[in-house]
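Working notes, beginning with the structure itself.
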Amino acid sequence: MKNPFKSVKEMDMTSGNLFWKIGLFALPMALTSILQLLYTTVDLISVHFWGGGQSSASSISANGSLINLIVVVFTSLSLGANVAIGNAKGAGNREHAQKVMHTSLLFSLVVGVVIGIAGFFSSRFFLELIKTEAAYLDNATTYMQIYFLGLPLLMVYNYGAQIHRAVGNSATPFLSLFLAGLLNVLFDFVFVYFARLDVAGVAWATIISEGASAILVVLPLFCKHSGYLHASFKELRFDRSSVVEIVKLGLPAGLQGFFFALPNTFIQSALYTIAKDMPNSIDVEDGAIAANSINNYCYAFVEAISAACLAMTAQNYGARKKNNILKAFWYAQAWNLLFNVFYSLLIFFAHDALLSLFVDSDNAISLQAGWERLMIVGFTYALDGIMDICSSALRGIRRSATPMWVTMLTCCVFRIAMIELLILRVDYFKTVFWLYSVYPFSWILADIADGICLSLVYRKVLPGLDKQPGNLAA
């Protein structure tokens, strides 16, 4: 079979100019995440202008934190496959990488079906649990239920993308999503403008797009080419040791994602509680949701730089190149700082213009509420980047549990405690400003804890890489 992605090259992340390789690897991944966000933005614009207006758009946005909370554990498991394959490639163990790849593809499909069914039937319950506004509840439930029908496709795409990234290829996931996203835009127009399906229409368009992206990202693995990995239908089976390795390395990452996402549902619920005491509460909520959408674009780059650090660390750990492991960490931090300086300047000078893409430009209350969130969270996103890069550096050397515990204590327990014991109980702190301040405060704590842990682990692990090669999974 001819490979439609044959021109895409896999990057050797163990040699050459590693600083620029982190940037070159991160850019397609950041663009991939941005495309995903753009398609969500197109969904919002479609229902805003052709569907039920701002109410329908807010119904879709209200799903964000809850869907992320439910899905993140299982999509983050794919990082286990990334680390296992990256370590194997660095060590030159192609046979093991092949087993992990085939197991990952089956694993993603099975888990996606199970979670998709469970999510479909529990959607309304969870939306009510986080106190979703009654005005949004019916549409939000419809969107969420249809979204979960497509979860198996989303899981296959995520695992396929991680397989490619593990061997230094971040371009194929981007190209796959770009082509599939064009379908998303097309069917948004068809389902919302012509069929008048409103929220349900963009949800079905999303499923079609996810199906296309899953096929396009997996297809090159089955094509005969000169890449490091090659999939075969005959070899698609569960390898017990590979399942154990994926879960062992990926589950802590999944739980870390859960601990990171869980407080966001508390923050969203607290926002509804605080906004109810304000005039024009809906406008305040819409502004905050708009600001979150903008911050998500920033996080796309933070996440991409972190992923580049993970891929480079994993390959060099397998290759036992300790100096490159250290370079991967510091180079990633440098890229994180450079990007966040640019982002801070952008939101400072263009915050109203950016917010007006999501809310009415003449709604001063929404613009002010959005700017307040952008100011608090956007200007401090570099702190989040430091935390994520530390987590990736630890995960790449097979120490996934350490950042999980740090995230649980700093970004989950601390945030929830601050919200429930301080912000919602003391009138002085019961403001949008203090609600969003939980982000930078928790990031500072996480950065300190992650930095200490990383230093201790590096001192213990890296000197051993100079010794005779042994079992890196130990």
Ignoring hydrogens and angles, state whether a donor on the side chain of N264 or Y439 is under 3.5 Å from an acceptor on the partner side chain.
yes
Holding to salt bridge (charged side-chain N to carboxylate O under 4.0 Å, His left out), I want the full list of residues that pass it with E420, two or more places apart in sequence or in another chain.
none
Do you know the tightest heavy-atom contact between S104 and I163?
CB-CD1, 4.2 Å
Does S170 reach the main-chain N or O of F25 with its side chain, forming a donor-acceptor pair under 3.5 Å?
yes
Within the structure provided, determine whether T313 and S392 are in side-chain contact (heavy-atom separation under 4.5 Å).
no
Heavy-atom check, side chain of Y147 versus side chain of V202, under 4.5 Å:
no
Looking only at atom types and distance, does a side-chain atom of N169 sit under 3.5 Å from a main-chain N or O of R165, one as donor and one as acceptor?
no
With no hydrogens and no angle check, is any side-chain donor or acceptor of H164 less than 3.5 Å from a backbone partner on P173?
no
Close side-chain approach of P263 to V438, heavy-atom, < 4.5 Å
no
Nearest heavy-atom neighbours spanning A270 and L435
CB-CD1, 3.7 Å
Using a cut-off of 6.0 Å, state whether more than 12 heavy atoms not belonging to F238 lie near its atom CZ.
yes
Partners of F301 by ring-ring contact (aromatic ring centres under 6.0 Å, His included), sequence neighbours excluded?
F339
Indicate yes or no for a side-chain donor-acceptor contact from N316 to the backbone of M13 under 3.5 Å, with no hydrogens or angles considered.
yes
Evaluation steps, side chain to side chain contact (heavy atoms under 4.5 Å, CB included), between L127 and M144:
CA-CA 9 Å; L127 286 167; M144 193 170 180; 3.9 Å; yes
Residue pair R399, Y458: steps toward the side chain to side chain contact (heavy atoms under 4.5 Å, CB included) verdict
CA-CA 10 Å; R399 299 306 190 271; Y458 271 4; over 6 Å; no
Could you state the interatomic distance from CG (L106) to CG (D239), rounded to the nearest 0.5 Å?
11.5 Å
Tell me if the CZ atom of F19 is crowded by more than 12 foreign heavy atoms within 6.0 Å.
yes
Using a 3.5 Å distance criterion without hydrogens, assess whether the side chain of Q315 forms a donor-acceptor pair with backbone atoms of A166.
yes
Establish, yes or no, whether the cationic atom of R415 lies under 6.0 Å from the six-membered ring centre of F259 and within 45° of the ring axis.
no
Please name the pair of heavy atoms, one in H96 and one in A88, separated by the smallest distance, quoted to 0.1 Å.
CD2-CB, 4.1 Å
Quick one: are V83 and R395 in side-chain contact, heavy atoms under 4.5 Å?
yes
For E128 and L137, run side chain to side chain contact (heavy atoms under 4.5 Å, CB included): C-alpha distance rounded to whole Å, both residues' side-chain angles, the deciding distance at 0.1 Å, then the answer.
CA-CA 8 Å; E128 290 175 341; L137 186 58; 3.9 Å; yes
Walk me through it: do F441 and F414 pass the test ring pair (Phe, Tyr, Trp, His ring centres under 6.0 Å)?
CA-CA 9 Å; F441 284 142; F414 173 79; 7.2 Å; no
Nearest heavy atoms of V218 and L105, plus distance in Å
CG2-CD2, 4.2 Å
Let's go through W20 and W335 carefully: what are the C-alpha distance in whole Å and the side-chain angles of both, what is the deciding distance for ring pair (Phe, Tyr, Trp, His ring centres under 6.0 Å) to 0.1 Å, and is it a yes or a no?
CA-CA 10 Å; W20 288 112; W335 278 106; 5.7 Å; yes
Do K99 and N93 make a side-chain contact, defined as non-hydrogen atoms from C-beta onward lying under 4.5 Å apart?
no
